[in-house]
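Note that this is a predicted model, so its numbers are computed, not measured. Atom set for the values below is all heavy atoms of this structure, side chains included, hydrogens, waters and symmetry mates excluded. Within every chain, numbering begins at 1; the chains are lettered A, B, ... in the order of the sequence lines, protein sequences first and strands thereafter.
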Number of protein chains: 2
Amino acid sequence: MLKLSKKVEYGILATQYIATKNGETVSAKEIAERMELSFDFLSKTLQALMKNGIISSQQGIHGGYKLSKSPDQISLTDIIHSLEERITIVNCLSPGDESCDKMDNCTLRNPFHVIQLKIDDLFTEMTIQHLLPNNDKLYSLDLSIKGTPNG
Amino acid sequence: MLKLSKKVEYGILATQYIATKNGETVSAKEIAERMELSFDFLSKTLQALMKNGIISSQQGIHGGYKLSKSPDQISLTDIIHSLEERITIVNCLSPGDESCDKMDNCTLRNPFHVIQLKIDDLFTEMTIQHLLPNNDKLYSLDLSIKGTPNG
DNA sequence: TTCAAATAGGATAACAATAGTCTTATTTTA
DNA sequence: TAAAATAAGACTATTGTTATCCTATTTGAA
Ligand code: FES
Ligand code: FES
């Protein structure tokens with residue numbers, strides 16, 4: 001419950017990896033090997049990111065991928081939206097959903113919408129820039145950390 | 001992705017329904033009928049809430065459930081923790097998980113932990129009290145709403 | 001011109017998680 | 001003793017996720 005999909009994890013990892021290569025074209029094979037991810041699955045992910053303008057691709061023998069924007073212009077929400085259709089904590093918060101109409105007695109829409117907007121904010125405020133190695137900006141993010149992550 | 005389970009939805013709805021009955025014992029049958037939920041599945045949910053001290057049960061012919069605490073003392077996190085094991089956006093944020101050790105090249109733990117803590121906060125700050133009808137406290141919550149939820 | 005290495009993309013299989021159902025036992029009161 | 005309720009385990013069905021397979025296309029270089 002409330003878990004990110006592997007697709008999104010792959011997407012974030014790959015985008016971050018490409019970002020470290022600063023402009024160089026990186027092949028899916030290289031990313032898969034370095035990150036120890038399934039090549040086929042990663043490829044799907046990269047293709048989706050490409051379609052959504054996060055990265056651009058170069059076909060052919062020396063092809064690969066590079067970022068379309070600078071790392072601080074790519075939010076986690078950008079990546080998530082490229083890779084997933086349903087991203088709301090309940091279906092009835094998705095555009096076009098009619099389940100609320102059927103459930104007369106459900107009064108959770110407003111409260112859940114309050115939470116949904118905040119969750120969206122969290123992923124929007126964090127960018128690929130924040131994920132890069134030796135980054136000191138992570139801790140100055142609005143969503144500042146309260147404990148020590150690694151123990 | 002990032003979706004609440006039906007179990008949790010049922011749990012929140014049922015707890016909120018019981019809260020509106022202010023102290024009365026309410027049967028699972030009544031909740032299932034009024035909320036149009038599967039009786040069997042709802043029963044499982046109520047039993048789990050009971051085991052975790054959110055509600056108390058009375059067996060026998062006039063039995064049912066009532067709250068163990070006041071609505072403002074029951075957070076959504078209390079309910080979620082009663083009903084779900086894995087509640088982190090990535091597995092490696094769960095206690096005892098070793099997947100980070102295997103993934104040398106994954107640098108997402110700290111950033112994800114930052115987001116995780118904030119998500120936990122959202123569900124902790126919202127209580128059953130906030131869900132009750134004609135409630136004006138929802139909009140004064142720290143996690144204040146930015147748009148109009150219903151359109 | 002041919003080959004190798006790369007992306008593009010559809011189809012499908014394997015697996016896991018979720019949701020729902022069924023059955024039986026136990027508890028309580030009338 | 002019967003009825004109505006909770007308790008709980010087993011099982012099934014459905015859905016969603018993850019991974020794999022296969023073929024086509026693109027590009028550059030030998
Ligand atoms: S079905 Fe829409 S809020 Fe519950
Ligand atoms: S495996 Fe732990 S952060 Fe990615």
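Here C:dA6 presents its C1' atom at 13 Å from CG of A:Leu42, a figure rounded to the nearest Å. What separates CD of A:Glu85 from P of D:dT15 is a distance of 17 Å, to the nearest Å. Nucleotide C:dA30 holds its P atom 7 Å from the NE2 atom of B:His62, rounded to whole Å. A:Lys66 places its NZ atom 14 Å from the P atom of C:dT7, with the value rounded to the nearest Å. The CD1 atom of B:Ile31 sits 12 Å away from the P atom of D:dA5 (whole-angstrom rounding).
Within 6.0 Å of atom NZ in B:Lys51, 12 or fewer heavy atoms from other residues, nucleotides or ligands are found, so the atom counts as exposed in its surroundings.
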Inset, instruction - Any chance you could list the contact pattern along nucleotides 14-25 of chain C? Use B for base contacts, S for sugar-phosphate-only contacts and - for none, protein heavy atoms under 4.0 Å, 5' to 3'. - result: ---SSSBBB---

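Between the side chain of B:Asn52 and the backbone N or O of B:Ile54 there is no donor-acceptor pair closer than 3.5 Å. In terms of modelled atom types and a separation under 3.5 Å, the side chain of A:Arg86 and the main chain of A:Ser94 share no donor-acceptor contact.
Note that the NE2 atom of B:His130 and the CD1 atom of B:Ile74 stand 13.0 Å from one another [nearest 0.5 Å]. Note that CG of A:Leu4 is 9.5 Å distant from OG1 of B:Thr88, once rounded to the nearest 0.5 Å.
Under the rule for a side-chain hydrogen bond (donor to acceptor under 3.5 Å, both in side chains), A:Ser56 has no partner lying at least two apart in sequence or in another chain. The side-chain hydrogen bond (donor to acceptor under 3.5 Å, both in side chains) check on A:Ser5 picks up A:Glu84, with sequence neighbours excluded.
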Legend entry - Criterion side-chain contact (heavy atoms from CB on, under 4.5 Å) on B:Val8 and B:Phe123, from CA distance to verdict: CA-CA 12 Å; B:Val8 165; B:Phe123 289 104; over 6 Å; no

Legend entry - Residues B:Thr124, B:Asp121; criterion side-chain hydrogen bond (donor to acceptor under 3.5 Å, both in side chains); working and verdict: CA-CA 5 Å; B:Thr124 300; B:Asp121 279 353; 5.3 Å; no

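For the pair A:Leu122/A:Met126, no side-chain contact is recorded, criterion being any heavy-atom separation below 4.5 Å from C-beta on.
If you check residues 12-20 of chain B against DNA chain C, you find no residue with a heavy atom closer than 4.0 Å. Less than 4.0 Å separates DNA chain C from at least one heavy atom of each of the following residues of residues 46-61 of chain A: A:Gln47, A:Met50, A:Lys51, A:Ser57, A:Gln58, A:Gln59, A:Gly60, A:Ile61.
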Check residues 27-42 of chain A and write down every donor-acceptor pair under 3.5 Å in which the side-chain atom is one partner and the other belongs to a residue at least two apart or another chain.
| from | atom 1 | to | atom 2 | distance (Å) |
| --- | --- | --- | --- | --- |
| A:Ser27 | OG | A:Glu30 | N | 3.1 |
| A:Glu30 | OE2 | A:Tyr17 | OH | 2.7 |
| A:Arg34 | NH1 | A:Tyr17 | OH | 3.3 |
| A:Ser38 | OG | A:Phe41 | N | 3.1 |

